[in-house]
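Quick notes on the structure that follows.
The structure presented is a predicted model; accordingly, all values stated were derived computationally and were not measured. To find a chain, count down the sequence lines: A is the first, B the second, and so on, and within it residues start at 1.
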Protein chains: 2
Amino acid sequence: MENELINKKGQTEQQFLEEYSKTKSQYEAPYVTTDNLIFTIGDDEAGNGKRLMLLLIKREDHPYINQWALPGGFIDIKENLEATAERELAEETAVTGIYLEQLYTFGDVGRDPRHRIISASYMALVNSKNMKVAAGDDAKDAKWFNVDSRIIEEKKTFTEKGFNKERLIKISLNNGSEEAHGIIKTTKIVENGRTKKITREIVEKQNIAFDHAMIIEYGLQRLRNKIDYTDIIFNLLDEKFTWSELKTVYELIKGEKRYKDANFRRKFEDMIIETDEKAPVGGGKKGNRPPKLCMFNTDWEE
Amino acid sequence: MENELINKKGQTEQQFLEEYSKTKSQYEAPYVTTDNLIFTIGDDEAGNGKRLMLLLIKREDHPYINQWALPGGFIDIKENLEATAERELAEETAVTGIYLEQLYTFGDVGRDPRHRIISASYMALVNSKNMKVAAGDDAKDAKWFNVDSRIIEEKKTFTEKGFNKERLIKISLNNGSEEAHGIIKTTKIVENGRTKKITREIVEKQNIAFDHAMIIEYGLQRLRNKIDYTDIIFNLLDEKFTWSELKTVYELIKGEKRYKDANFRRKFEDMIIETDEKAPVGGGKKGNRPPKLCMFNTDWEE
DNA sequence: GCAAAAGTGTTAATGTTACACCCATGC
DNA sequence: GCATGGGTGTAACATTAACACTTTTGC
């Protein structure tokens, strides 16, 4: 039925599409890539226990040669956008079928000096035990970096019609031998009692390629927020875990100790089922009570 | 300093970029567009008071001829992604400098039968008083539609490793004379106690072009969520408004009366400053107490 | 006066936080 | 027994919700 509709030229849809496929496009299309933020919980190289870690790849050519970049790559013309992210993730970590979420699409002119590139960023949370191949094994120089972000400045400037609010956020990355960092400025412009615009820009960076510091900052914010109202944290844990492991991972992501033990349990109690199993006793020099193993309660509703 | 680094071919960055610009690209790039969700509060054509409304444009050619689509268009190679959304918005509504937020990037193969198109969606909230040109004035057949979405089915299916949760959401659009709708299925796949994947697909649609029903559904969800923890609702109101106007708009977006009057005030009291002015008495047949005019409190912190 | 809509106050229920305490274990 | 980390109970406080009430206006 739909195909019997004709346009102003008197074409059916089929005729239209046939003609369309023959015309050579004038349109200069940007390239499209995905950039993946792959987070895991790993051991700090300096031996300070567990840390939130991010996978980065060392660039082997210009531009930004020898600097660190997010893994990612070009979309194939016959591949769904999310499939590109999944493929890139599988190529880097040999992990499939894990949590993957689209974050934001970065599309400023000049993001890449070679070509106009629009990049959709995705966030993946992988449990290191599920990772079949550790990053860094293959030819590409891929490494896990400790990630950290913190606000270093907040400023409010008054304008005629309202005010601007700026915030400087520093992203720090290190893996024992290598160090990289970037400072992102977010600006919120308020005029006539309304938020007009929120912008993000990189004001300083070292050893991080492209605008990837901005993507990392965005992803960390999303992760920190979502952890409080979704079940994504369990993607970073083993299937069975103890309360203290959960709390440790929570605090690594949040970057602070927000809850006392008892209250932390109450916060997560609906999301968790305690099993009868006990984890082997670990830390205490004089022994201690073995903790129960817990599982995510899949009946939990957000 | 950075430019003095040389790659394996012995090139500086400048030499590399020069060579790069001469090579003809093999890469078949998808097209990139933005699609705008432009919401406003307007009067129902049927005379049932205020409604949440969305701007749609009638397609004048194949594919989906005569069906309704979101306004949007192709990115220019020299234009930032957000600038494309701003330009399209200005073209449709002659409104500039208003709230605009990136939602999600849709990039499935086959979204458009003509070509591979990746589309970044943006949401704009406009106050009808700020709109200089009403939609529908120009050559293009653009119209405001009442929007509504509601869950029509929820289903949980158990699998070997876990379960799937499906939800059917119906998007209804109408403007008195025209009607359109779509049904979106969201599926959450849970395996081994972990959320593996969340997918969205269109299971039925009428009179809505492309995958735009899915974009609308996504945008409505975002709007409904953000209204509770940000100040975006004030973009839909005049600079000065009454408590009951605020509550009406809130309920239109939420699609339900969630709060009693007194409690609604408490919920928003930090975000609002009451002025000494009073709005003219409106509805009551025997007259009534005139309401105070309020403004958004720009000192409010989310 | 009185209907209509604006606006306030009071109490109950619920959720959050701090803090003190008990428990099971290995040395 | 005692240090160590696991785990629980309770009271104070803050937030939310329900509901009954007072206020200001125009006719």
B:Thr40 (side chain) donor-acceptor with B:Val126 (main chain) under 3.5 angstrom: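 The answer is yes, because a donor-acceptor pair under 3.5 Å joins these two groups.
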
Under 3.5 Å donor-acceptor, B:Asn235 side chain and B:Ile232 backbone: yes

Value rounded to 0.5 Å, distance of CG in A:Leu293 from OG1 in A:Thr275: 5.0 Å

Nearest-0.5 Å distance, CH2 of residue B:Trp144 to CG of residue B:Asn175: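 Separation between the atoms: 12.0 Å.
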
Any residue of residues 226-234 of chain A with a heavy atom less than 4.0 Å from an atom of DNA chain C: none

Would you jot down, in residue-number order, the residues of residues 268-275 of chain B having a non-hydrogen atom under 4.0 Å from DNA chain C?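 Contacting residues: none.
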
Using whole Å, report how far [atom1] of [X] lies from [atom2] of [N].
X        : N      : atom1 : atom2 : answer
B:Arg289 : D:dT22 : CZ    : P     : 14 Å
A:Asn288 : D:dG5  : CG    : C1'   : 4 Å
A:Arg265 : D:dG9  : CZ    : P     : 12 Å
B:Leu293 : D:dT24 : CG    : C1'   : 16 Å
A:Glu277 : C:dA24 : CD    : P     : 19 Å
B:Asp261 : C:dG7  : CG    : C1'   : 9 Å
B:Lys292 : D:dT25 : NZ    : P     : 12 Å

Along nucleotides 15-20 of chain D, 5' to 3', which nucleotides get a B, which get an S, and which get a -, given that the test is a protein heavy-atom distance under 4.0 Å? --BBB-

Using side-chain contact (heavy atoms from CB on, under 4.5 Å), reason through B:Val190 and B:Thr159 one step at a time and then give a plain yes or no. CA-CA 9 Å; B:Val190 178; B:Thr159 61; over 6 Å; no

Does the separation of the ring centres of B:Phe296 and B:Phe241 fall below 6.0 angstrom?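 Centroid separation for B:Phe296 and B:Phe241: 6.0 Å or greater.
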
If we ignore angles and hydrogens, is there a donor and acceptor under 3.5 Å between the side chains of [X] and [Y]?
X        : Y        : result
B:Asp44  : B:Asn146 : yes
B:Asp148 : B:Ser172 : no
B:Thr195 : A:Asp231 : yes

Among A:Arg167, A:Lys185, A:Lys165, the one residue meeting salt bridge (charged side-chain N to carboxylate O under 4.0 Å, His left out) with A:Glu154: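 Of the listed options, the one satisfying the test is A:Arg167.
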
By nearest atom, which of the nucleotides C:dG7, D:dG7, C:dA6 is closest to the B:Ser244 side chain? C:dA6

Minimum-distance nucleotide (side-chain atoms of B:Pro291 versus C:dG7, C:dA4, D:dG6): C:dG7

Does any pair with a residue in residues 214-227 of chain A pass salt bridge (charged side-chain N to carboxylate O under 4.0 Å, His left out), and if so which ones, sequence neighbours excluded? A:Glu101-A:Arg222, A:Glu101-A:Lys226, A:Arg200-A:Glu217

Which pairs count as salt bridge (charged side-chain N to carboxylate O under 4.0 Å, His left out) when at least one residue sits in residues 168-179 of chain A, sequence neighbours excluded?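 For residues 168-179 of chain A, and leaving out neighbouring residues, the salt bridge (charged side-chain N to carboxylate O under 4.0 Å, His left out) pairs sorted by first residue read A:Lys58-A:Glu178.
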
Taking the six-membered ring for Trp, are A:Phe268 and A:Tyr250 parallel (under 30°), tilted (30 to 60°) or perpendicular (over 60°)? perpendicular

Give me the ring orientation class for A:Trp243 and A:Phe264: parallel if the planes are under 30° apart, tilted from 30 to 60°, perpendicular past 60°.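 Judged by the thresholds at 30° and 60°, the geometry between A:Trp243 and A:Phe264 is perpendicular.
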
Touch check for B:Lys267, heavy atoms < 4.0 angstrom, all strands: base, sugar-phosphate only, or nothing?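 No contact.
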
Stretch residues 245-257 of chain B: residues that reach within less than 4.0 Å of DNA chain D through a heavy atom: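 Within this stretch, nothing sits under 4.0 Å of the strand.
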
